[in-house]
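Below is one structure, written out as structure tokens, with a few remarks after it.
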Amino acid sequence: MLDTITVSVALPSDVAGGRSPEDLSAELFRLAVLDTFRRGEIGEGKAARLLGIPRVAFLELCGRYDIPTIAYRVEDFEAELADIRRRGY
């Protein structure tokens, strides 16, 4: 069983937009999981399990929120580019 905490959030009604507390709670949970994944604190498999969706659906969800699913550092790109140039491609 997962260790959990309960958080209470007061939102202005215009931010809630007429959504039910249940819908808002689900959306805030989804955003928290996405942000935790974005920061690299959990992997895509765990994030998908937390949200109760298939991994492919999680990757699509990341796309909708412009969250990269591949960590490719600038340093890695520069090293590969230098190697390509060294090989004469």
Side-chain angles (χ1 to χ4, degrees):
M1 175 134 208
L2 291 175
D3 205 15
T4 63
I5 63 169
T6 300
V7 177
S8 177
V9 178
L11 293 174
S13 58
D14 59 336
V15 172
R19 292 176 285 181
S20 71
E22 294 80 15
D23 288 345
L24 286 167
S25 178
E27 177 67 11
L28 291 172
F29 180 76
R30 183 173 33 257
L31 292 172
V33 170
L34 284 165
D35 189 55
T36 303
F37 170 76
R38 182 191 58 77
R39 291 190 318 261
E41 296 176 17
I42 60 174
E44 60 192 46
K46 182 170 184 176
R49 283 191 301 279
L50 287 170
L51 295 176
I53 60 176
R55 193 172 145 269
V56 171
F58 176 74
L59 295 174
E60 291 172 352
L61 184 62
C62 286
R64 281 183 267 168
Y65 285 91
D66 294 323
I67 297 171
T69 56
I70 298 174
Y72 194 59
R73 299 176 319 149
V74 171
E75 296 83 10
D76 296 332
F77 172 76
E78 289 171 344
E80 286 188 27
L81 184 58
D83 185 48
I84 289 169
R85 289 182 175 148
R86 207 172 25 258
R87 294 173 188 224
Y89 293 106

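Members clustered with Y89: I84, by chain and number, using a 4.5 Å side-chain heavy-atom cutoff among hydrophobic residues.
Taking each heavy atom of P68 and F37 in turn, the nearest pair found is O-CE2, 3.8 Å. Across every non-hydrogen atom of L50 and I42, the tightest pair is CD1-CD1, 4.1 Å.
Not counting sequence neighbours, the partners of D83 by the side chain to side chain donor-acceptor pair (under 3.5 Å) test are R86, R87. For R49, the side chain to side chain donor-acceptor pair (under 3.5 Å) criterion is met by no residue, not counting sequence neighbours. For D35, the salt bridge (Lys or Arg N to Asp or Glu O under 4.0 Å) test picks out R38, R39, with sequence neighbours left out. Looking at residues two or more places apart in sequence or on another chain, you find a salt bridge (Lys or Arg N to Asp or Glu O under 4.0 Å) between E27 and R30. Residues passing the side chain to side chain donor-acceptor pair (under 3.5 Å) test with E44, sequence neighbours excluded: R55.
Distance check, rounded to the nearest 0.5 Å: CG of L59 to CZ of R64 gives 11.0 Å.
A continuous path of ILVMFWY side-chain contacts below 4.5 Å connects L61 to F29, so both sit in one hydrophobic cluster. Criterion: ILVMFWY side-chain heavy atoms under 4.5 Å apart, direct or through other members. Under it, Y65 and L28 are not part of a common hydrophobic cluster. L31 and V15 are members of different hydrophobic clusters when ILVMFWY side chains are connected at heavy-atom separations under 4.5 Å. Note on L24: it clusters hydrophobically with V9, by side-chain heavy-atom contacts below 4.5 Å among ILVMFWY residues.
Two residues are said to be in side-chain contact when any heavy atoms from C-beta on lie closer than 4.5 Å; T69 and F58 fail this criterion.
No side-chain donor-acceptor contact under 3.5 Å links S25 to the backbone of P21.
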